Amino acid sequence: MSVNTYLSDEERLIIESATIGIAGAGGLGSNCAMHLVRAGLKRLVIADFDEVSESNLNRQFFFRDQIGRKKVDALAENLRRIEPDLDLALHDIRLTSENAGPAFEECQVIVEALDSAEAKSMLLGALLPMDKPIISASGLAGWGRSCEIGQRRIGRNLILIGDTTSDIRSGLAPVSPRVGIAAAMEANAVVALLLGLEI
Amino acid sequence: MTITYQGNNEDTEATTVWDFLNKKGVDVRSAIIELDGEIIADMSIPLKNGSVLNVFRIVSGG
């Protein structure tokens with residue numbers, strides 16, 4: 001039984017057999033994973049080296065009693081509260097240009113959900129040659145301007161979500177509404193890709 | 001020659017992607033470069049008349 005009872009049998013087959021990679025379990029990754037599980041995805045590969053901290057609770061899918069725990073473990077616990085029957089591959093690693101490819105080799109679609117511009121660029125450089133669809137995000141900090149968080153296809157395999165300008169380094173805070181919008185858009189793009197729908 | 005950059009036609013004397021973006025002051029280290037519908041990593045690729053070049057900034061936050 002899927003948590004998403006709105007799927008047709010054909011859609012369920014596609015969704016439940018897909019393996020999706022999520023690079024980062026912070027604001028984007030934890031919320032994107034939550035949306036994917038609610039959509040009916042059962043097989044996720046999640047990579048993150050970090051631990052839950054108090055400053056994460058303003059936007060990330062964690063709870064106060066999980067502070068100090070590894071993000072991949074805390075996220076797995078939370079996702080299994082939505083859907084106990086999950087096949088999760090958890091990598092407690094800092095992603096590098098060397099280990100990113102092997103970590104997500106089995107995935108059909110990979111979600112870039114890292115924080116710094118340098119890490120995002122590194123990951124895209126490592127994963128784009130794999131010729132798999134990648135959903136990335138750039139420009140989601142601050143408040144307001146929801147409709148400026150757009151999405152565009154770049155090249156054959158990259159879908160970029162965000163306004164490409166709202167940078168936390170310019171003093172804008174990473175806060176739940178805009179980060180959540182981008183995370184939901186990343187998840188929506190994954191499911192649309194899997195189902196062959198317009199992104 | 002004339003290329004399309006960020007959706008606008010521009011006349012340029014630049015011969016390569018690097019040359020063009022360098023003159024524009026674009027920091028390519030945190031950007032995705034798309035040339036004629038393909039993401040490129042090699043900035044030494046020559047531009048040609050009618051090339052379509054797009055730059056997408058990668059900024060921090062997640």
Side-chain angles (χ1 to χ4, degrees), chain A residues 23-32 48 56 59-60 111-129 131 134 136-142 150 152-158 160-170 172-175 178-179 182-183 186, chain B:
Chain A
L28 286 168
S30 66
N31 288 300
C32 181
D48 196 297
N56 300 151
R59 66 193 186 283
Q60 302 186 16
V111 176
E112 178 279 305
L114 300 177
D115 194 1
S116 76
E118 292 78 12
K120 289 171 180 285
S121 294
M122 175 278 298
L123 192 78
L124 294 177
L127 298 183
L128 281 168
D131 207 24
I134 300 170
S136 184
S138 169
L140 41 86
R152 66 211 85 192
R153 186 185 285 272
I154 305 174
R156 281 172 292 125
N157 286 321
L158 179 63
L160 186 65
I161 285 162
D163 63 24
T164 70
T165 58
S166 299
D167 189 342
I168 59 170
R169 289 179 182 162
S170 65
L172 296 170
V175 288
R178 283 188 114 235
V179 173
E186 286 192 307
Chain B
M1 69 181 153
T2 302
I3 72 166
T4 303
Y5 175 64
Q6 307 292 67
N8 299 311
N9 288 341
E10 291 200 22
D11 294 325
T12 180
E13 302 292 318
T15 56
T16 66
V17 173
W18 169 258
D19 190 16
F20 181 85
L21 293 179
N22 193 38
K23 285 174 179 164
K24 289 279 183 190
V26 174
D27 181 0
V28 299
R29 290 170 301 178
S30 293
I32 302 162
I33 313 298
E34 182 187 51
L35 179 65
D36 296 330
E38 296 286 339
I39 296 171
I40 61 167
D42 180 4
M43 299 297 129
S44 68
I45 294 177
L47 290 171
K48 58 183 187 297
N49 194 47
S51 288
V52 178
L53 181 65
N54 290 305
V55 175
F56 304 92
R57 286 183 64 210
I58 299 295
V59 299
S60 295

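Note that the coordinates shown come from a computational prediction; the quantities given were computed from them, not determined experimentally. Sequence lines set the chain letters: A, B, ... in the order given, protein chains first and strands last, and positions in each chain run from 1.
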Hey, which of Leu114(A), Leu172(A), Leu140(A), Ile168(A) is the one that makes side-chain contact (heavy atoms from CB on, under 4.5 Å) with Ser60(B)? Ile168(A)
Counting heavy-atom pairs under 4.5 Å to chain B, which of Arg153(A), Lys120(A), Met122(A) comes out on top?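 Most heavy-atom pairs under 4.5 Å with chain B: Lys120(A).
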Nearest heavy atoms of [X] and [Y], plus distance in Å:
X	Y	result
Thr164(A)	Val59(B)	O-CG1, 3.8 Å
Ser30(B)	Ser121(A)	CA-OG, 3.8 Å
Ser138(A)	Arg57(B)	OG-O, 2.7 Å

Sub-4.5 Å heavy-atom contacts with chain A: which residues of residues 33-48 of chain B show up? Glu34(B), Gly37(B), Glu38(B), Ile39(B)
Run the side-chain hydrogen bond (donor to acceptor under 3.5 Å, both in side chains) test against Ser136(A) and tell me which residues pass, sequence neighbours left out. Glu112(A)
Restricting to side-chain contact (heavy atoms from CB on, under 4.5 Å), what partner residues turn up for Asn9(B), sequence neighbours left out?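 Asn9(B): side-chain contact (heavy atoms from CB on, under 4.5 Å) contacts with Thr2(B), Thr4(B).
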Give, as side chain, backbone, both or neither, the part of Arg178(A) having an atom under 4.5 angstrom from any heavy atom of chain B. neither
Under 4.5 Å from a heavy atom of chain B, the part of Ser170(A) involved: neither
Can you confirm whether Arg169(A) is buried at CZ, in the sense that more than 12 heavy atoms of other residues, nucleotides or ligands lie under 6.0 Å from that atom? yes
Ring pair (Phe, Tyr, Trp, His ring centres under 6.0 Å) partners of Tyr5(B), counting only residues at least two apart: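 Tyr5(B): ring pair (Phe, Tyr, Trp, His ring centres under 6.0 Å) contacts with Phe20(B).
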